[in-house]
Amino acid sequence: EELEEYNKLMEEAARRDHRRIGKEMNLFMLCDEGPGFPFFLPKGMALKNALIDYWRDIHYKANYVEVSTPLIMNRHLWETSGHWDHYKDNMYATKIDGEDYCIKPMNCPGGVMVYRSQPHSYRELPLRLFEFGTVYRYEKSGEVHGLTRVRGLTQDDSHIYCTREQMKDELTSLLTFVLNLLKDFGLTDFYLELSTKDPNKYVGSDEIWEEATNTLAEVAKESNLELVDDPCGAAFYGPKISVQARDAIGRTWQVSTIQLDFNLPERFQLEYIAKDGTHQRPVMIHRALFGSIERFFAVLLEHYAGAFPAWLAPVQVLGVPVADEFAPHLAGFVKSLEDEMVRCEIDYSDDRFGKKIRNASKSKVPFILIVGEEDMNNNAVSFRFRDGSQLNGVPVDTAREQILTVIKKRVQVNSADDFNAAVAE
């Protein structure tokens, strides 16, 4: 029985393989000309931009400020941060004007430079900086795998600077921020992992590591989530909490991470002016929500098997006219949706209507809109959903409002019943 269940799981995992689905849906490509460096195609960019737009929106609402840091920086920066001693085997290096430069494998030293560019008062803290930064890491060819292990990745990083007195509240708030995000993406089953110091690969004192680790452990335990220890799994500059999300078939993926760092502020001599006028060291919190957008893209693709909620779907509405004479009516309605930034396509092919519907059903688009003579005469459209159920003759103004409502609510809709429930809430 266990073997039979395992084989079923393997079959389902193969069916959901993001590399296969990505190719079928024309989302991205992997090729020998760029091993480990994925190419995102137009539909893949639509999904990627939906992730980025969502990410920016929630950060601005939470009083973060966006920054951008250089892709290539001098070796001295990486020596100061500790990356040159502890991470250089994974870094790409080059020479500029006779000096060593590195392509950044992480965004954090750039974020430190932004903080250090001007003096700061305790009144400004916590200071929350965020960056959508592409980084490059050398991975051995045998370790590269689809979008889940790449050499060029885009990290949704945030670096938060706060006082020691603020750090626990900030960590608690961050954890809530992370878990709410995952729920928006339908990843509602998760646990926390606490990664602690590797005694052979760390910077800073044992006392600082102990304080940072204990603080993270307290915050994790107070979340009322399952907490699993990950001995020696921390980065060299500080311990971390990672959120391990279970997908639709029970597999575990590491997504968001929160790291508490006393060491980079010390190594870069970061300061803020305290209430009593003294110069104090801030605490630095590293936090990624998606982890990397490429890996999160793959996780979502496998979790939903390509059948995304409407707000994420690369194509949100696919129009299928019953015959050519009904196409102008359909095109006018689709244009009104595109004016609201809904991602739409119309099947203008010469295929028979039945084949168009079969192709549309395979496309995993959440809303298939059909227009025939009765729809055109009544200024209406008909919906077809992924399970084959339909809603016929919906007035165009109502249909537009309902589509926008479902997209805004970020809910999964696979049937007419799902749709009716979503618009009724």
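Note: hydrogens, waters and symmetry copies are ignored here, and every other heavy atom, side chains too, is used.
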State the [atom1]-[atom2] distance between [X] and [Y], to the nearest 0.5 angstrom.
{"X": "Leu330", "Y": "Lys335", "atom1": "CG", "atom2": "NZ", "answer": "14.0 Å"}
{"X": "Thr215", "Y": "Ile285", "atom1": "OG1", "atom2": "CD1", "answer": "10.0 Å"}
{"X": "Ser361", "Y": "Ile368", "atom1": "OG", "atom2": "CD1", "answer": "4.5 Å"}
{"X": "Leu181", "Y": "Ile58", "atom1": "CG", "atom2": "CD1", "answer": "5.0 Å"}
{"X": "Met91", "Y": "Tyr101", "atom1": "CE", "atom2": "OH", "answer": "13.5 Å"}
{"X": "Phe385", "Y": "Leu391", "atom1": "CZ", "atom2": "CG", "answer": "4.5 Å"}

If we only count heavy atoms from C-beta on, is the [X] to [Y] side-chain gap below 4.5 Å?
{"X": "Leu369", "Y": "Leu337", "answer": "yes"}
{"X": "Met284", "Y": "Ile160", "answer": "no"}
{"X": "Tyr191", "Y": "Arg246", "answer": "yes"}
{"X": "Met106", "Y": "Tyr87", "answer": "yes"}
{"X": "Tyr115", "Y": "His120", "answer": "yes"}
{"X": "Phe39", "Y": "Cys31", "answer": "yes"}
{"X": "Leu194", "Y": "Val228", "answer": "no"}
{"X": "Gln259", "Y": "Pro239", "answer": "no"}

Quick check on [X]: does its [atom1] atom have over 12 non-hydrogen neighbours (other residues, nucleotides or ligands) under 6.0 Å away?
{"X": "Met341", "atom1": "CE", "value": "no"}
{"X": "Gln269", "atom1": "CD", "value": "yes"}
{"X": "Glu210", "atom1": "CD", "value": "no"}
{"X": "Asp350", "atom1": "CG", "value": "no"}
{"X": "Lys8", "atom1": "NZ", "value": "no"}

| remark: Checking Met45, Lys48, His18, Lys43 against Leu27 for side chain to side chain contact (heavy atoms under 4.5 Å, CB included), the one that qualifies is Lys43

| Leu174 pairs by side chain to side chain contact (heavy atoms under 4.5 Å, CB included) with which of Val219, Asp169, Ile258, Leu179? | Ile258

| task | Take the angle between the ring planes of Tyr136 and Phe37 and call it parallel below 30°, perpendicular above 60°, tilted in between. | result | tilted

Checking [X] now: which residues fulfil side-chain contact (heavy atoms from CB on, under 4.5 Å) with it, not counting sequence neighbours?
{"X": "Tyr60", "answer": "Arg56, Glu66, Phe130"}
{"X": "Phe353", "answer": "Val320, Val322, Ile357, Ile370"}
{"X": "Arg343", "answer": "Ala46, Ala50, Gln316"}

Closer than 4.0 angstrom, basic N to acidic O: yes or no for [X] and [Y]?
{"X": "Lys168", "Y": "Glu222", "result": "yes"}
{"X": "Glu302", "Y": "Arg251", "result": "yes"}
{"X": "Glu193", "Y": "Lys240", "result": "no"}

| request: Apply side chain to side chain donor-acceptor pair (under 3.5 Å) to the pair Tyr54 and Asp184, showing each step before the final yes or no. | output: CA-CA 10 Å; Tyr54 167 90; Asp184 278 348; 2.7 Å; yes

Minimum heavy-atom separation for [X] to [Y], with atom names?
{"X": "Asp351", "Y": "Lys356", "answer": "O-CE, 3.3 Å"}
{"X": "Ser336", "Y": "Arg400", "answer": "OG-NE, 2.9 Å"}
{"X": "Leu175", "Y": "Ser223", "answer": "CD2-CB, 3.5 Å"}
{"X": "Asn263", "Y": "Trp209", "answer": "ND2-NE1, 3.5 Å"}
{"X": "Trp55", "Y": "Arg287", "answer": "NE1-NH2, 4.3 Å"}
{"X": "Thr80", "Y": "Arg267", "answer": "O-NE, 2.6 Å"}

| request: Start with the C-alpha distance between Glu12 and Arg16, add both sets of side-chain angles, then the distance that settles salt bridge (charged side-chain N to carboxylate O under 4.0 Å, His left out), and finish with yes or no. | output: CA-CA 6 Å; Glu12 184 62 16; Arg16 292 171 178 265; 2.7 Å; yes

Strictly by modelled atom types, are [X] and [Y] linked by a side-chain donor-acceptor pair under 3.5 Å?
{"X": "Asn90", "Y": "Arg137", "answer": "no"}
{"X": "Arg295", "Y": "Gln155", "answer": "no"}
{"X": "Ser68", "Y": "Glu131", "answer": "no"}
{"X": "Ser349", "Y": "Asp347", "answer": "yes"}
{"X": "Thr134", "Y": "Thr154", "answer": "yes"}
{"X": "Gln244", "Y": "Ser242", "answer": "yes"}
{"X": "Ser382", "Y": "Gln390", "answer": "no"}

| said: Taking ring-ring contact (aromatic ring centres under 6.0 Å, His included) as the criterion, tell me which of Phe297, Phe185, Trp253 meets it with Phe290. | reply: Phe185

| said: With a 3.5 Å distance limit and no angle check, can you tell me whether Thr398 reaches the backbone of Val394 through a side-chain donor-acceptor pair? | reply: no

| task | Could you check His83 against Phe236 for ring pair (Phe, Tyr, Trp, His ring centres under 6.0 Å), going step by step and ending with a plain yes or no? | result | CA-CA 9 Å; His83 287 82; Phe236 65 86; 5.1 Å; yes

| request: For side-chain contact (heavy atoms from CB on, under 4.5 Å), just list the numbers for Leu125 and Tyr272, CA-CA rounded to whole Å, side-chain angles, deciding distance to a tenth of an Å, and then say yes or no. | output: CA-CA 9 Å; Leu125 306 184; Tyr272 70 91; 3.6 Å; yes

| said: Using salt bridge (charged side-chain N to carboxylate O under 4.0 Å, His left out), reason through Glu271 and Arg116 one step at a time and then give a plain yes or no. | reply: CA-CA 8 Å; Glu271 294 182 341; Arg116 203 172 69 168; over 6 Å; no

| said: Under the criterion side-chain contact (heavy atoms from CB on, under 4.5 Å), I'd like the reasoning laid out for Val371 against Phe333: C-alpha separation, chi angles, the key distance, then a yes or no. | reply: CA-CA 10 Å; Val371 169; Phe333 178 66; over 6 Å; no

| Cation-pi, Tyr161 ring and Arg281 (6.0 angstrom, 45 degrees) | no

| Check against side-chain contact (heavy atoms from CB on, under 4.5 Å), Leu312 and Leu47 | CA-CA 6 Å; Leu312 283 175; Leu47 173 54; 3.9 Å; yes

| request: Go through the steps for Val283 and Leu260 under the test side-chain contact (heavy atoms from CB on, under 4.5 Å), then give the verdict. | output: CA-CA 8 Å; Val283 176; Leu260 187 54; 3.4 Å; yes

